[in-house]
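What follows is one structure encoded as structure tokens, with my remarks underneath.
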Amino acid sequence: MRRCCRAGSSWLTTPRFITNATTHNFHPIFNLCFHRNNTSSPTASYSRRWYNPEQSRRCGPDTVRHWVEGDSLPPGPHQERFTVVSYNILGDRNVSNHGDLYRNVAPTYLDWDHRRRVICEELLGLNPDIICLQEVDKYYDLLNILEKAGYLGSYKRRTGGSVDGCAMFWKAEKFLLLEGESIEFRQYGLRDNVAQLSVYEMREAQSRRLVVGNIHVLYNPSRGDVKLGQIRFLSSRAHILSEKWGHVPIVLAGDYNSTPQSPIYKFLTSSELNLMLHNRKELSGQRRCHPSQVLGLRREKGILFVPMDRFFNSRWSEEEMNVAIGAPKCHIAMHPLKLNSSYAMVKGSLTTRDNGGEPLATSYHSNFLGTVDYLWYSDGLAPTKVLDTLPINVLKETGGLPCKKFGSDHLSLVSEFVFLEVEGKNEATEDRAIS
Ligand code: KL2
């Protein structure tokens, strides 16, 4: 099956509704092309769009995003599905604090009123069941709009001087909030970042419960120890909530400020990391994502010296080890979850993904072009489709985000998940846990 819809100029204001024959549901799809997963050969529609300079001149870069379906699922009814968005929407305050990152962006595209409209139109067009946002500093602006579309919301502001935080919204008719908690990492000596955790129950299938986490990990590229500590702590809290509510599956959304090539990514996927094998200043991979490096305009500096650099900088202080691992005299950081990344598991076009299947870029501004956003999920769930990101060349043509169609310097990540039958697991017990 392959369906494509051409984006009209009014793609955001007039969502299209396309039947998804696999699920027998109607999914509102805007500015999207729908096709089956095919990693080896990008579809004709990709190349037709891509190599048409006329079109590019008339309409600007072709910023159409495509739904990609996952491979076949294990046997089961697969009835209970839900969609999750993770989106760093770029705080209004951060636009002014880091103006040099957006010097290529027209001032109108940086204006909050414009960005709020574009971001909300995108979210409403996607019509997701759960929305996890980061860098939210105008929560009530968003709540006002999303409430009218049937969402409830929760917000956790960062500690310290920052005015932004994390926000979660969920469709009230689809999910009941059983329990919500927020994490202030400052309480554990892990800086001023915050995270949220919510436990939901599907209203139409009360045996289906779900833990959803939302985090904006510390930015500082040199402080991989703190990033590890924050991620470890979030996983551990998510695990506790999952056990408490009947061993329920978990989705962890967010901006992890770490790239797919980084040791921190490895930590997330393999649940452990031997810190002695890594330069503590290179745990996040952020330093290798300057647009000029990624676009091949500049040769990577000091590439010959990387091994020596790694050797000399790999010494960790006891305090840094403690921050990363949370236990003294131990070199292995661990977290209790078995996680997969939904984009890595639903392969997209070769033009949008790296060798591991992760997007080539989820964020683009003057100092960064790469991937830091993820939708992680645990056993008991499978991603059935994702909204593909954009090819690097298309992002390059925008000159930098935000742009006319995208209201942030990040792209939204969107995945549909299905509950899987796991024997004796994720079936909530008769008597609910008491919160
Ligand atoms: O990388 V981000 O953008 O997830 O998109 O998270 C942080 C950065 C966000 C919140 O701290 O502000 C951005 N250079 C570039 N960007 C920065 C810097 C910086 N020095 N400090 C914060 N941010």
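In listed order, ligands and their atoms are each counted from 1. Values reported hereafter were calculated over all heavy atoms of this structure, with side chains retained and with hydrogens, waters and symmetry mates removed.
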How are the rings of Y200 and F175 set relative to one another: parallel (under 30°), tilted (30 to 60°) or perpendicular (over 60°)?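 Plane angle between 30° and 60°, so tilted.
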Tell me whether the rings of Y155 and Y139 are parallel (<30°), tilted (30 to 60°) or perpendicular (>60°).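 The rings of Y155 and Y139 lie parallel, inter-plane angle below 30°.
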At what distance is the nearest protein heavy atom to [atom], and which residue and atom is it?
| atom | value |
| --- | --- |
| atom 6 (O) of ligand 1 | H216 NE2, 3.0 Å |
| atom 23 (N) of ligand 1 | H98 NE2, 3.4 Å |
| atom 5 (O) of ligand 1 | H410 NE2, 2.6 Å |
| atom 9 (C) of ligand 1 | E135 OE2, 3.4 Å |
| atom 14 (N) of ligand 1 | Y219 OH, 3.3 Å |

For ligand 1, is any non-hydrogen atom under 4.0 Å from [X]'s backbone (N, CA, C, O), its side chain (CB onward), both, or neither?
| X | answer |
| --- | --- |
| Q134 | neither |
| R158 | side chain |
| N257 | side chain |

State whether the shortest distance between N or O atoms of S363 and N or O atoms of ligand 1 falls below 3.5 angstrom.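 Between S363 and ligand 1, no N or O pair is found under 3.5 Å apart.
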Inspect the contact between [Y] and [X] and indicate whether a charged nitrogen and a carboxylate oxygen are less than 4.0 angstrom apart.
| X | Y | answer |
| --- | --- | --- |
| E201 | R208 | no |
| R203 | E173 | no |
| R103 | D100 | no |
| E282 | R287 | yes |
| D164 | R158 | yes |

Expected output: side-chain T362 to main-chain V372 donor-acceptor under 3.5 Å: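 Checking the backbone N and O of V372 against the side chain of T362, a donor-acceptor pair under 3.5 Å is found.
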For ligand 1, which atoms have a heavy atom of [X] less than 4.0 angstrom away?
| X | value |
| --- | --- |
| N94 | 9 (C), 10 (C), 12 (O) |
| L101 | 15 (C), 16 (N) |
| N88 | 4 (O), 5 (O) |
| D255 | 2 (V), 4 (O), 5 (O) |

With side-chain contact (heavy atoms from CB on, under 4.5 Å) as the criterion, how do S341 and Y265 come out once you've worked through the C-alpha distance, each side chain's angles and the decisive distance to 0.1 Å? CA-CA 10 Å; S341 159; Y265 183 91; 4.2 Å; yes
Determine whether any heavy atom of R191 lies closer than 4.0 Å to an atom of ligand 1.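 Contact check R191 vs ligand 1: negative.
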